[in-house]
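A short worksheet on the structure shown next.
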Amino acid sequence: EFVPKSGHKQYELRDGLLQGAPVDGVEATAICKFDFVDECITGTSSGHILFWRGRSCIQSIKAHENAVSCLSYCPESKLVASTSLDGTVKTFKVLGSASNTNNVSKVGPKLLKVRQLELVSAFGTIHLDAQSRKVIAFDLSSCGTKAVVGTDSGEIFEISLRELLP
């Protein structure tokens with residue numbers, strides 16, 4: 001636990017909750033901000049994407065066969081993009097939204113409305129002329145029509161997603 005010279009803790013390490021019980025055995029490999037101030041998305045070593053409100057996991061999807069290496073969310077286009085160590089990139093459209101609520105108890109939020117996600121594109125980095133297929137950095141443009149992909153061999157690619165998105 002890090003305590004600066006001021007003596008005030010900067011953070012508190014707490015267990016995440018899934019349906020009121022602690023989430024054990026989940027190794028987070030990526031994280032990004034989501035819609036509301038108390039929401040985020042994490043990727044796991046098992047290839048799952050977890051949606052969090054506060055410290056409660058409200059939704060889980062199996063997105064990849066290998067570990068999630070990067071996540072990006074574009075609020076303007078409502079796209080979530082994930083990459084995996086196996087070299088796949090997937091984009092999901094977020095359909096609808098959960099209501100913003102501060103009604104949270106010690107066992108999780110009262111409102112557990114999950115979002116519907118639609119897979120809109122999937123491609124492998126094998127189509128890039130890259131020395132390595134392992135994606136270690138990824139980000140969506142603000143409008144969600146382009147992406148930047150970084151590989152572990154130090155290459156950076158800008159990809160147009162226009163052809164891949166409906």
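Only heavy atoms go into these numbers, but all of them, side chains included; no hydrogens, no water, no symmetry mates.
Between Lys78 atom NZ and Leu95 atom CG the span is 11.0 Å, to the nearest 0.5 Å. Atom CD of Gln116 and atom CD of Gln59 lie 9.0 Å apart (nearest 0.5 Å). Between Trp52 atom CH2 and Cys57 atom SG the span is 5.0 Å, to the nearest 0.5 Å. Interatomic distance, Leu79 CG to Ser121 OG, rounded to the nearest 0.5 Å: 8.0 Å. With rounding to the nearest 0.5 Å, the separation of CD1 in Ile41 from CG in Leu50 is 10.0 Å.
Between Lys146 and Glu158 there is a salt bridge, since at least one side-chain N of the basic residue sits less than 4.0 Å from a carboxylate O of the acidic one.
Clustering ILVMFWY residues whenever any of their side-chain heavy atoms sit less than 4.5 angstrom apart, transitively, puts Val120 in the very cluster that holds Val149. A continuous path of ILVMFWY side-chain contacts below 4.5 Å connects Tyr73 to Leu117, so both sit in one hydrophobic cluster. Tracing side-chain contacts under 4.5 Å through hydrophobic residues (I, L, V, M, F, W, Y), one reaches Val68 starting from Val94; they form part of the same cluster. The hydrophobic clustering, which links ILVMFWY residues whose side-chain heavy atoms are closer than 4.5 Å, places Ile61 and Val80 together.
When atom types are taken as modelled, the side chain of Thr29 and the backbone of Gly43 share a donor-acceptor pair closer than 3.5 angstrom. Looking only at distances, a side-chain donor or acceptor of Lys90 sits under 3.5 Å from a matching main-chain atom of Ala63. Remark: the backbone N or O of Phe51 is not paired with any side-chain donor or acceptor of Glu39 at under 3.5 angstrom. The backbone N or O of Leu140 sits less than 3.5 Å from a side-chain atom of Ser72, completing a donor-acceptor pair.
Ile156 forms part of a hydrophobic cluster together with Val148, judged by ILVMFWY side-chain heavy-atom separations under 4.5 Å.
Across Leu85 and Lys134, no two heavy atoms sit closer than the pair CD2-CE, 3.6 Å. Closest non-hydrogen pair, Ser77 versus Lys93, comes out as O-NZ, 2.6 Å. Of all heavy-atom pairs spanning Leu119 and Thr91, the tightest one is CD1-O, 3.5 Å. Minimum interatomic distance between Leu71 and Thr42 (heavy atoms only, all atoms of both residues): CD1-C, 3.5 Å. Closest non-hydrogen pair, Ala67 versus Ser84, comes out as O-OG, 3.0 Å.
Within a 6.0 Å sphere centred on CD of Glu65, heavy atoms belonging to other residues, nucleotides or ligands number 12 at most.
For the pairing with Ser69, the side chain to side chain contact (heavy atoms under 4.5 Å, CB included) check across Val89, Val135, Thr88 returns one residue only, Val135.
Annotation: ring-ring contact (aromatic ring centres under 6.0 Å, His included) contacts of Phe138 (sequence neighbours excluded): none. Scanning for ring-ring contact (aromatic ring centres under 6.0 Å, His included) contacts around Phe92 gives an empty result, with sequence neighbours left out.
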